[in-house]
Enquirer: 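First the structure, then my questions, so here it is.
Chain letters run A, B, ... following the sequence lines, proteins first, then strands; residues in each count from 1.
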Amino acid sequence: MSQAPSAAPAENAAPLLKVAGLSKSFGPVQVLKGIDLTVEAGQVHAIIGENGAGKSTLMKILSGHLQPTDGEIRIDGQPVVFSGPVDAEHRGIVLVHQEILLAPDLTVAQNVYLGREIAKGLVVDDKAMNEGARKAIRELGGDIDPTVTVGRLSIAQRQLVQIARSLLVPHRLVIFDEPTASLTPVETEALLKVITDIRAKGTAVLYISHRLPEVKLIADKVTVLRDGRLVTTRDAKDVEPVDMARLMVGRDVAKLYPDRAAAGTREVVLEVEDMSVPGYAEHASFQLRKGEILGFAGLVGAGRTELMEGMVGLRPGRGTVRLAGKPVSFTNVHDSMKAGIAYLSEDRKGKGLLLAKDLKVNLTLASLGRFVRWGQVDRTREREALDKAIAEFDIRTGRKDLLAGQLSGGNQQKLLLAKMMMLDPSIIIIDEPTRGIDIGTKEQIYKFIAGLAAEGRSIIVVSSEMPELIGLCDRILVMRTGHIVGEVAGDHMNENEIVVLATGVQTGEAA
Amino acid sequence: MTETAAATAKAKRSWKDVDLRAVAPFVALALLLVLGAFANPNFISVDNLLNVLTRSAFIAIIAVGATFVISAGGLDLSVGSMVAFVASLTILFMNSGAVSDPTMTIVAAALLAIAIGAACGLANGLITTVGRIEPFIATLGTMGIYRGLTTWLSQGGAITLRNPDVQSLYRPVYFGEIFGVPFPIYVIVITAAIGAFVLYRTRYGRHVVAVGSNEDVAHYSGIPVSRVRTLTYVIQGLCVAVACLIYIPRLGSTSATTGLMWELQAITAVVVGGTALRGGVGRIWGTVCGAFILEIVGNIMLLSNFVSEYLLGAIQGAIIIIAMLVQRSLVRKS
Amino acid sequence: MTETAAATAKAKRSWKDVDLRAVAPFVALALLLVLGAFANPNFISVDNLLNVLTRSAFIAIIAVGATFVISAGGLDLSVGSMVAFVASLTILFMNSGAVSDPTMTIVAAALLAIAIGAACGLANGLITTVGRIEPFIATLGTMGIYRGLTTWLSQGGAITLRNPDVQSLYRPVYFGEIFGVPFPIYVIVITAAIGAFVLYRTRYGRHVVAVGSNEDVAHYSGIPVSRVRTLTYVIQGLCVAVACLIYIPRLGSTSATTGLMWELQAITAVVVGGTALRGGVGRIWGTVCGAFILEIVGNIMLLSNFVSEYLLGAIQGAIIIIAMLVQRSLVRKS
Amino acid sequence: QDKKTIGVSIPAADHGWTAGVVFHAERVAKKLMEEHPGLNVIVKTSPDAASQANAVQDLETQGIDALVILPSDPDPLVNAIKEVKDKGKFVALVDRAPSNNDNSVRDLYVAGNNPALGEVAGKYIAEKTPEAEVVIIRGLPIPIDQQRQDGFDKGIAGSKVKVLDRQFGNWNRDDAFKVMQDYLTKYPKIDVVWCQDDDMAVGVLQAIEQAKRTDIQYVVAGAGSKDMIKKVMDGDKMIPVDVLYPPAMVGTAMELTAAGLIDQVPVSGNYILDATLITPENAKNFYFPDSPF
Ligand SMILES: Nc1ncnc2c1ncn2[C@@H]1O[C@H](COP(=O)(O)OP(=O)(O)OP(=O)(O)O)[C@@H](O)[C@H]1O
Ligand SMILES: Nc1ncnc2c1ncn2[C@@H]1O[C@H](COP(=O)(O)OP(=O)(O)OP(=O)(O)O)[C@@H](O)[C@H]1O
Ligand SMILES: [Mg+2]
Ligand SMILES: [Mg+2]
């Protein structure tokens, strides 16, 4: 990692970054209202807030991607106006985006060095770039071949590439917008270590996360945003995660996970035997009972997503699937949907919702057949369904003709849940249900999931957040490199046991 | 709630946006009508306008089908050749005298044309979906095939409708009028109305737009992506067949050059009508308007006498670019 | 470590994949050569193969430019007309006698052709990037414009190189040989080599692919997207100019039909060569191979005796589809 | 004297011969309007049959008294022409005849003779080189091309002339060049090339020159372009003759129509122009150096 050539002026009174009265409007809508913020060199400054509070917008302004409508930004006491992200980068400010922004057809190394290729004269030096990229990713605890095209990587691997890319520029202030949302504990830990390292070198860090314990662990200061306003800035040592949650949501979030009656020994509704998805998962067998919430844990690339997709017919797979004792075989999703299985993709923007279409279209897309009357789609019934879904899933939207892409992440997740529930499935598979979602919404989503189980539906939760699995599930299956390597339940449901199974390393300190 | 307010305002803006985008082609059409009136006073005569609308029928009807294909993220370059192929086979059938009664001959020929059109469309669809070949190349291939087969059928010459009874019975399908409005104009309106109903009102139409909008999302929502896409090509084939059925009585004959370049005109009509080539949006009425625009541009240039005929093509090209620029600036200003 | 092993294995798999995709067109070419040898023993004679390679030069060189445009996510339908336009202006210049010395005439004409080609490309680029019109429509418009201007320049007839000194001096540029290999073949190789160098080895080439792969990412990475894209059209224009410079000495004349449909052939060559139309990948050598394939298909059909002349087009279309299917199945099997 | 309008509909100039048609149509239009102040002549070109049908309709909209049409493809245009004729307008059809070419379609028929173009070429070859092996480059697959082929076959009937191959060159120089190159590869011995059109002859000659083949004795083209007539005049061995198919025939039709319209001379019936064989002796009569063709 390189440092900015122009080191901070020594012992200067002016802070590295000072923001005063910053406001931002999109058209008539004000998203940020008079934000005052001071970021000191050598500090990790966390920004927390609900989905849609304005965190990403603020970060985009600070990194030159957006222009503020009002207010002033000073660097080292000097007022600045960024002409664009490249200008901000020249001043040592880099942003690690919340959404993954990489060119899928280019290799890892080409992406890492995109726009700032190492060149000898006219010719780009691929060897040096491959080496540099490999080294940068390794420092983040990852191991990715730099010559692989990014399109072939998992979301977690892409996130690592993106972070590596950002840290390669000379930097004085690094902004991480939810970097850990799709990382597993191992990588998260490596990233936190990197952040500690760069802080030690005098770099300032702005850090956004919905994982509050992580914030507590790494931050020096915590700033809370709510509805575009800055609520408070405090020293991290003075606030506990519970306080943070209260400050963000404006109420107490004492109990994140709902109480549930044990599923006990009810009948098996789904039985998977010797399921293989070539290249991703081998010989997986498990059972799911009525009213049960079954967790799937594992490291990045363990093959959980692919196993589920193979099972429901989204990708080619071999094996036996029995529904209520009857063997079935799904060659496409339509069949499994008809049989009462709904799968919610982890990639809600890419595979879950049509971002450029309105809520109604998205809600009924998978279950349009129910809305057809006299050969046409009954729009009145669609509207009624939307009203019902908005009420039932507490989708926060002012207007019902919004586009799905205009909802905040949490509300998109709720819409996706509502969309799949329109199928009235008896088995629901949710992949990463709360990725990038604020704590208040998380609580709601957990409540929905528990409610569904209580109605007698069976649920599989695939997640990289172990506390979530532990808090929500009756049993947890752990996968490692394509195999189900164990099950934890009851008293054994704790992070340590899961990590041991997921990594295959006996000593506890692996995670 | 602030979030609500924000959302509301945004939605309003985007609605306005959508409206303007849909209205833009009609504005362009209106401007052209004014321009035409200045170029030649005969232009705005009812006769001339009806003439122009009537002969835009072929492209308009084909372009309705193209709207489906393009909305679903595909492309069909073979439609021009398909017109030649379907029309040739249909005329050959009518000449064969397989059915003796003229009325029945025409009915049977119509059914045959529709079947052949659907089959050609199905072939295009299967090659792109099952064969997973990019639509541009797949339909470029079938374009060669359909035109080659036409050349072979005609043995290099023309295929002409011979039976005079059939001819005189069939003629009104292009040249006839109902309440003073030529019959092909009704066909345009009916085809577009059915197209609009299917695209906007039915489940299938919703699926078409979803597939064009994001194939993965459609797939994960249980939509049979390949089938939906293949069907758009079949619809395109059906539209081609309908166009053929009003084309045959007009010229009564086909040759290897029938329908040359019509694919480009149809695609241009679709795009000028406001449908984006990347898929996900389809504007049937805009497409019909686009087809009118293309035909009117040609008509104005023929009626006006100040353009060297060598420059016709150049000016037509320039007008298309200007029309698109006007549209863009209209939409951007909103 | 297991994770490392997994990553390595994955990398290997993907490498194999990439290789096959790149190799597929060459396999198709080899198969065609075998097929040709069976069709007519003369086919594999050195003379015939050199003839075919030589005359594929125009499409191959243009298609090298098209590879840039397509890799960056664009499309250029105007190249065929641009050939006619650039070549016509160049011949008119040589006929004008503005420069008296024949050698200097040719040098000046070459510079002029290159300047005009670049200007035409620049116009295409600016209309699509600054005007924000879809490339398909924008270049369809300029296609009409360039061809219309050519028709007007030639008043519908031919534009013929008149000066006999210039003619005889210039002739070897198409018909000449070095070490028994016709000159145009060297031009293909040099153009492709420069193209490959620029696309694979320079920063600009990297940016072209990035823009085609994901425009937003390129933008955020500080890449001047519009400039990169516009430049691809300029490169296309330069390639057209080079093609013109070896085209003119061949027949020494142009007409309104010069280069008709060459755009479709160039695009087909690019796609058959393994470049995807959606952008983000470019295979220069594959493109050249694609151009050879197209030319050889035509050659085989003319040399063989079992195909009716009416069916040539149909079979050419079918072969393109089959070639693509073979490629796809090759890649999928890996 | 009241105002009269003649509409002239011809194919767009897409190769040499049609360019000649456009040239002569415009030349005669200007001349007629100068000679007859009350006469307006509108010339419109169209790239294909369907748009020519549109153009005919548009001419009618402008209010014409007579139509002179050289159809790009005759059969598809019969209905459009009939529309005009049925309204009582005078119709002169030029060059290309539909299958039923009678008075219900037109008043006047001025024709070059497509079958004769083929026949004259065929006869010349049969006479000059009775045992020749001939390759043929055809135009586009449309009816007039077919008529020329049939005429050619009639011309060589009964002789020992052997046709080795016939392929389409699309009346295009580049395509003809390619086809000729491949013929030269395919056939070790070719005596004569009949390429039906002067434009294609340009490509054919280049291909022969490049291959340095000496077995080809000569090339017979057709139409009468100034370049080819010049070669005939100069006694070029490869182009000993050319078959005339004058694009100026459209001018003839226009002049006849104007005469009928203004001077009330009764004109109707068929005027078939000969497909004259241009030889070095008569070539200068057909040489127009300022025509584009
Ligand atoms: N380009 C835009 N146009 C209009 N409104 C926007 C735009 N971008 C963001 N918004 C709105 O601004 C508000 C703040 O969005 P922002 O992305 O900053 O939230 P966030 O705090 O990062 O949320 P999350 O935790 O979900 O990432 C939201 O209501 C969002 O809908
Ligand atoms: N499109 C693809 N092409 C090739 N390999 C892929 C592709 N998508 C994913 N992979 C690889 O497949 C393996 C499993 O994928 P994935 O990481 O999604 O599994 P997972 O257990 O669901 O993990 P996650 O926690 O990320 O959801 C990974 O090694 C990943 O790199
Ligand atoms: Mg955010
Ligand atoms: Mg996953």
Enquirer: Say whether, by atom type as modelled, one donor and one acceptor occur between the side chain of C/Ser221 and the main chain of A/Gly115 under 3.5 angstrom.
Expert: no
Enquirer: Do you know which two heavy atoms are closest between A/Ala103 and C/Asn214, and how far apart they sit?
Expert: CA-CB, 4.2 Å
Enquirer: Nearest 0.5 angstrom please: C/Arg201 CZ to A/Glu117 CD, how far?
Expert: 12.5 Å
Enquirer: With rounding to the nearest 0.5 angstrom, report the CZ to CZ distance, C/Arg203 to A/Arg116.
Expert: 11.5 Å
Enquirer: What closest approach, in Å, do A/Leu114 and C/Ala210 show between heavy atoms, and which atom pair accounts for it?
Expert: CD1-CB, 3.5 Å
Enquirer: For atom NE2 of A/His97, decide whether the heavy atoms of other residues, nucleotides or ligands shown that lie under 6.0 angstrom number more than 12.
Expert: yes
Enquirer: For A/Asp126, give me all partners under side chain to side chain donor-acceptor pair (under 3.5 Å), at least two apart in sequence or on another chain.
Expert: C/Arg206
Enquirer: Does any backbone or side-chain atom of A/Leu102 lie under 4.5 Å from a heavy atom of chain C? Answer side chain, backbone, both or neither.
Expert: backbone
Enquirer: Can you list everything that forms a side chain to side chain donor-acceptor pair (under 3.5 Å) with C/Thr275? Sequence neighbours excluded, please.
Expert: none
Enquirer: Scan for side-chain hydrogen bond (donor to acceptor under 3.5 Å, both in side chains) pairs involving residues 65-79 of chain C, sequence neighbours excluded, and state none if there are none.
Expert: C/Thr67-C/Thr287, C/Asp76-C/Ser78, C/Asp76-C/Asn124, C/Ser78-C/Asn124
Enquirer: Would you check, one step at a time, whether the test side chain to side chain contact (heavy atoms under 4.5 Å, CB included) holds for A/Asp105 with C/Arg278?
Expert: CA-CA 11 Å; A/Asp105 300 297; C/Arg278 65 180 158 69; 3.5 Å; yes
Enquirer: Using heavy atoms and a sub-4.5 Å threshold, report which of residues 223-240 of chain C line up against chain A, by residue number.
Expert: C/Ile223
Enquirer: Is C/Tyr204 close to chain A through its backbone or its side chain, or both, or neither, when contacts mean heavy atoms under 4.5 Å?
Expert: neither
Enquirer: Side chain, backbone, both or neither: which part of A/Val124 has a heavy atom under 4.5 Å from chain C?
Expert: both
